[in-house]
Amino acid sequence: TEIYTLSLHDALPISVIARSPLAIDSIKVDPRSGTIAFVTNSVTHRLENPADTEIYSVSQSGGAVTQLTHNQGLENNLRWSPDGARLYFTVQGAAGSVEGPYRDVQGRIYSMAANGGTPQRLGADFDGNWQDYTVLPDNTLLATGTKGTSTQVYRVKGEHAEKLAGVPGTYGGLDAAQHGNALLLTHSGIREPMEVYIASAPHLDPAQPLTHFNAHYLDYAQSDWRPYTWKAEDGTTVEGVLIYPPGKRDAKHLPLLTLIHG
């Protein structure tokens with residue numbers, strides 16, 4: 001796979017910046033220096049070898065390609081810090097481990113120096129699953145973390161994570177403006193269809209809706225629900241949601257359908 005440069009304003013010829021024997025899955029350019037960071041993958045896009053998925057960098061003018069990571073995790077969701085000094089990335093749940101041999105762990109967030117080095121795990125005190133994240137212009141890291149059936153937004157600093165005041169449900173799709181404090185995100189709940197909102201970071205409340213694509217969902221009869229927990233065979237507490245037919249909350253002897261996942 002190759003990375004090219006071209007001009008949108010004149011007829012300069014296309015030139016090759018970097019080549020890789022692997023597939024190049026994503027590219028992120030540092031707005032300050034123009035340095036290009038990219039993530040590779042197997043050319044078949046099948047998990048053949050964790051070492052096929054690593055982070056590399058190259059100058060905007062081309063030249064030597066530098067491999068920045070060497071681990072057994074499947075890096076993705078690459079971002080530059082606003083000052084260009086660091087790179088952030090995630091390893092999703094069940095996508096290997098940066099810290100040692102390949103194993104399934106919860107989703108994790110990392111940062112490392114722009115020129116490589118040992119990645120630093122962020123938000124390690126959080127015992128849930130990290131998912132989306134974004135970096136504010138002042139280098140504040142916001143991320144969505146899932147615990148049980150709730151996905152909320154957290155401010156992450158070093159190993160620690162502080163949950164921001166929000167509303168119950170599922171947040172996602174975090175994206176901060178390069179300048180100012182605008183924050184885009186999605187939110188949904190069992191009785192609230194997913195829409196896009198804008199908030200003033202680092203605060204979520206009040207967030208203003210930008211879309212109403214799914215408003216028709218509210219035309220249908222809404223179900224009652226409640227969280228439900230039980231113990232697995234190994235003693236782990238598992239959380240789910242018990243959803244009743246409309247108007248049947250706490251009714252007895254109802255048929256039961258289960259949707260189970262690992």
Side-chain angles (χ1 to χ4, degrees), residues 1-7 13-124 126 129-136 139 141-143 156-159 174-176 178:
T1 308
E2 298 175 331
I3 299 176
Y4 296 89
T5 182
L6 56 90
S7 173
I14 296 174
S15 60
V16 178
I17 296 176
R19 290 186 172 91
S20 172
L22 297 165
I24 296 176
D25 265 6
S26 63
I27 299 171
K28 292 293 181 181
V29 181
D30 175 19
R32 290 173 173 258
S33 68
T35 301
I36 300 167
F38 60 94
V39 181
T40 58
N41 195 356
S42 162
V43 292
T44 65
H45 288 270
R46 299 171 184 258
L47 179 53
E48 299 171 346
N49 184 350
D52 290 341
T53 304
E54 301 290 354
I55 300 173
Y56 297 79
S57 68
V58 64
S59 168
Q60 63 178 339
S61 58
V65 174
T66 302
Q67 184 173 344
L68 302 179
T69 58
H70 304 76
N71 58 62
Q72 296 288 296
L74 307 183
E75 300 91 342
N76 67 357
N77 203 5
L78 189 63
R79 292 180 185 265
W80 287 92
S81 64
D83 58 9
R86 302 190 68 80
L87 281 164
Y88 296 89
F89 64 93
T90 61
V91 174
Q92 294 178 337
S97 173
V98 168
E99 286 79 9
Y102 191 96
R103 63 190 181 97
D104 288 341
V105 296
Q106 300 252 46
R108 295 179 175 181
I109 304 173
Y110 298 89
S111 76
M112 65 180 177
N115 60 355
T118 302
Q120 175 191 3
R121 182 182 170 190
L122 303 176
F126 179 68
N129 184 56
W130 289 121
Q131 300 199 44
D132 295 328
Y133 76 96
T134 192
V135 186
L136 304 184
N139 284 316
L141 179 71
L142 300 182
V156 180
K157 185 175 182 180
E159 296 181 350
L174 298 180
D175 196 12
Q178 291 187 4

> Is there a donor-acceptor contact under 3.5 Å from the side chain of Ser97 to the main chain of Arg103?
Replying inline: no
> What heavy-atom pair brings Thr118 and Met112 nearest, and what distance separates the two atoms?
Replying inline: O-CB, 4.5 Å
> Can you name the nearest heavy-atom pair linking Pro50 to Gln72, along with the distance?
Replying inline: CG-OE1, 3.7 Å
>> Looking at every non-hydrogen atom in both residues, tell me the closest pair between Asp83 and Ser81 and how far apart they are.
In response: OD1-OG, 2.6 Å
> Between Val58 and Ala18, which heavy-atom pair has the shortest distance, and what is it?
Replying inline: CG1-CB, 4.2 Å
> Pick from Leu87, Asp30, Leu68, Val65: which one makes a side chain to side chain contact (heavy atoms under 4.5 Å, CB included) with Ser57?
Replying inline: Leu68
> Distance-only, no hydrogens or angles: does the Glu54 side chain make a donor-acceptor pair with backbone N or O of Asn71 under 3.5 Å?
Replying inline: yes
>> With ring-ring contact (aromatic ring centres under 6.0 Å, His included) as the rule and sequence neighbours excluded, what pairs involving residues 46-98 come up?
In response: Phe38-Tyr56, Phe89-Tyr110
>> To the closest 0.5 Å, what do you measure between CD1 (Ile24) and CZ (Arg19)?
In response: 10.5 Å
> Distance from Arg79 atom CZ to Ile109 atom CD1, nearest 0.5 Å?
Replying inline: 10.5 Å
> Does Thr53 reach the main-chain N or O of Leu74 with its side chain, forming a donor-acceptor pair under 3.5 Å?
Replying inline: no
> Minimum heavy-atom separation for Ser42 to Ala23, with atom names?
Replying inline: O-CB, 3.7 Å
> Should we say atom CD of Glu159 is surrounded by more than 12 heavy atoms from elsewhere, each under 6.0 Å from it?
Replying inline: no
> Would Val105 and Glu99 count as a side-chain contact (heavy atoms from CB on, under 4.5 Å) if you check the C-alpha gap in whole Å, the side-chain angles of each, and the deciding distance to 0.1 Å?
Replying inline: CA-CA 11 Å; Val105 296; Glu99 286 79 9; over 6 Å; no
>> Counting only heavy atoms not in Gln92 (residues, nucleotides, ligands), do more than 12 fall under 6.0 Å from its CD?
In response: no
> Between Asp52 and Arg46, does at least one N-O distance fall below 4.0 Å, as a salt bridge requires?
Replying inline: no
>> When you compare the side chain of Pro82 with that of Val135, does any pair of heavy atoms fall below 4.5 Å?
In response: yes
>> How close do Val29 and Gly34 get, counting heavy atoms only, and between which atoms?
In response: CG1-O, 3.8 Å
> Just how far is it from atom CG of Leu141 to atom NZ of Lys157, taken to the nearest 0.5 Å?
Replying inline: 12.0 Å
> Is Arg108 reaching over with its side chain to a backbone N or O of Val98, donor-acceptor style, under 3.5 angstrom?
Replying inline: no
> To the nearest 0.5 Å, what is the distance between OG (Ser59) and CD1 (Ile36)?
Replying inline: 7.5 Å
>> Name the residue from Asp132, Val156, Thr134 that meets the side chain to side chain contact (heavy atoms under 4.5 Å, CB included) definition with Leu142.
In response: Thr134
>> Main chain of Val39, side chain of Asp25: is a donor-acceptor contact present, judged purely on distance under 3.5 Å?
In response: no
> Between Trp130 (side chain) and Ala143 (backbone), is there a donor-acceptor pair under 3.5 Å?
Replying inline: no
> Among all residues two or more places apart in sequence or in another chain, which pass the side chain to side chain donor-acceptor pair (under 3.5 Å) test with Asn115?
Replying inline: none
>> What's the separation between atom CG in Leu122 and atom OG in Ser111, rounded to the nearest 0.5 Å?
In response: 4.5 Å
